[in-house]
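Chain letters run A, B, ... following the sequence lines, proteins first, then strands; residues in each count from 1.
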Amino acid sequence: MSVSSEDVMAYVDGELDEAARARIADAARKDTSLAARINAEQALRDRLRGHFAPIADEPVPQDWIASIRSATAAPAVTLNVVSMDAARAARAQRAPSKMPRRLWAGAALAASLVVGVMIGDRVHQPAVLVAGKTGLVASGELAQALNTQLASAQDKAPIRILGTFKRQAGDTCRVFDGAAASGIACHDSDGWQMQQVVPGTKTSQAAYRQAGSDQAGLMAQAQAMMVGDPFDATQERTARDHLWH
Amino acid sequence: MKPEAFGDELVRLLPRMRRFARGLARDAADGDDLCQATIERALKSSQQWQGGTRLDSWVYTIMRNIWVDQVRARNRRGQTFVAEEAGLDVGDPGDAAIEAHVELGNVGRAIDRLPLEQREAVMLVLVEGFAYKEAAEIIGCPMGTLTSRLVRGREALMRSLGEAA
């Protein structure tokens, strides 16, 4: 029986079916040179395996494992499943710095009925800031927004009120964000005095605009100025109804 | 499969991946670079892996393709290489580079001298233990091509190592 190199190889590699395998094993018992070929193939296989085996035993670089772990890590929410205590502890630690932000978001987003907001005639009153006695004062649609708009009800308004608060001096201030300008204005007898003005958020999609770093900076400044918490929807409405005094 | 489970499986495969990479690249540092590139690509394209199929075959395919691309790119840049198998093969940096290596011992030297197409076939079947069908799929060649490369690769190894292997 003549056995090809392919057959010997397939025999050693375990690629033959039962019948073919038995046939070659049988032939090898009668043919010492075939048996030698099989042994040589087997020895080669063992030797190659032996040569490469230590590589798989080397410790794997930790940064490989770390990169896989970080790329496939479960979202933080599973912390709750793994350990409620750990999640609670983490939340408690974050709480002090998160608190004001949460209140702001609450004030701005509190769901409420949409009330009619007078935006003013934007074509004839383009200036939103004018020079007052002691500085810049809100004018036009900005003055309208500051006077009438509630942070809790301002869908699609061109100027958005980000929050309202009382400062040390006792007057009421509002943080606003518009296309032309954003800032902090505090109310006095002359109207809304600008405390801070930064470039506005230039987008027509008021509903979708994201607060930029300037806006974040304004919120931080407002945080520093305010006494107590930012107004909630009810406080804001009451203040407006009392004409911000 | 959840991402975490995918990550676990991949971590478990790392020692074997490293071994195959070393065999392809013929150098520890190049092998580890190849392994790292493979990890990155596997993580990036994890969505393309079909659950229920063998992750090791999928990862080996990625690794093998990265290496072949690198060798081709190197050859295109005109770096010194000796065409293997009269230019039929994709080619490797060639004998000069291998000769410059420190003595690796007979087995290492013998396998390093194989052309890539034989070396990858030998690595996948003899060292990594894949069945012919799986190895052919990883390489992306017909079964007959794989077996003929295996036969030639083995014969060359036998010659280098002596009949007693």
Exercise for the section: Could you list the residues that satisfy side chain to side chain contact (heavy atoms under 4.5 Å, CB included) with A:Arg37, not counting sequence neighbours? Expected result: A:Ser5, A:Val8, A:Leu34
Exercise for the section: Examine whether an atom of A:Asp63 lies under 4.5 Å from a heavy atom of chain B, and if so say whether it belongs to the side chain, the backbone or both; otherwise answer neither. Expected result: side chain
Handout entry: Within residues 132-141 of chain B, residues adjacent to chain A where the heavy-atom gap is under 4.5 Å
Key = B:Tyr132
Practice task
Look up atom CZ in A:Arg69 and atom CG in B:Leu43, then write down how far apart they are to the nearest 0.5 Å.
Solution key: 11.0 Å
Practice task
Sort out for me which of A:Ala10, A:Gly50, A:Gly14 touches chain B most, counting heavy-atom pairs under 4.5 Å.
Solution key: A:Ala10
Handout entry: chain A contacts, top residue of B:Met123, B:Lys44, B:Arg18, B:Glu40 (heavy-atom pairs, under 4.5 Å)
Key = B:Arg18
Handout entry: Side chain proximity check, B:Phe6 to A:Ile68, heavy atoms < 4.5 angstrom
Key = no
Exercise for the section: Calculate, to the nearest 0.5 Å, the distance between atoms NE2 and CD1 belonging to A:His51 and B:Ile111 respectively. Expected result: 7.5 Å
Exercise for the section: Go through the steps to decide whether A:Trp64 and B:Asp32 satisfy the test side chain to side chain contact (heavy atoms under 4.5 Å, CB included), and finish with yes or no. Expected result: CA-CA 10 Å; A:Trp64 294 0; B:Asp32 280 0; 3.6 Å; yes
Exercise for the section: With a 4.5 angstrom heavy-atom cut-off, could you sort out which part of B:Met17 is near chain A: side chain, backbone, both or neither? Expected result: neither
Practice task
Using atom types as modelled and distance alone, determine if a side-chain donor or acceptor of B:Arg154 lies under 3.5 Å from a backbone N or O of A:Glu41.
Solution key: no
Fill in the blank from the handout: Taking every heavy atom of B:Pro15 against every heavy atom of A:Ala56, the minimum-distance pair comes out as CB-O, 3.2 Å
Completion exercise
Ranking B:Gln36, B:Lys2, B:Arg16 by heavy-atom pairs under 4.5 Å to chain A gives rank one to B:Gln36
Problem - Per-residue contact mode, B:Glu128 against chain A (heavy atom under 4.5 angstrom) - result: backbone
Exercise for the section: Find the one option among A:Asp13, A:Asp46, A:Ile65 whose heavy-atom pairs under 4.5 Å with chain B are most numerous. Expected result: A:Asp13
Practice task
Under 4.5 Å heavy-atom distance to chain B, tell me which part of A:Ala36 shows up: side chain, backbone, both or neither.
Solution key: neither
Problem - Interface moiety of A:Pro54 toward chain B, non-hydrogen atoms closer than 4.5 Å - result: neither
Problem - Side chain, backbone, both or neither of A:Glu6 within contact of chain B (heavy atoms, under 4.5 Å) - result: both
Handout entry: Min side-chain heavy-atom separation A:Val60-B:Val11 under 4.5 Å
Key = no
Exercise for the section: In sequence, state the C-alpha distance, the side-chain angles, and the governing distance for B:Val125 and A:Met9, and then conclude on side chain to side chain contact (heavy atoms under 4.5 Å, CB included). Expected result: CA-CA 11 Å; B:Val125 174; A:Met9 182 181 85; over 6 Å; no
Problem - Cationic N near anionic O, under 4.0 Å, A:Asp57 to B:Arg19 - result: no
Handout entry: Spatial distance of atom CG (A:Leu44) from atom CD (B:Glu155) [nearest 0.5 Å]
Key = 11.0 Å
Problem - Heavy-atom check, side chain of A:Glu15 versus side chain of B:Thr147, under 4.5 Å - result: no
Exercise for the section: Answer yes or no: is there a side-chain heavy-atom contact under 4.5 Å between B:Glu4 and A:Thr72? Expected result: no
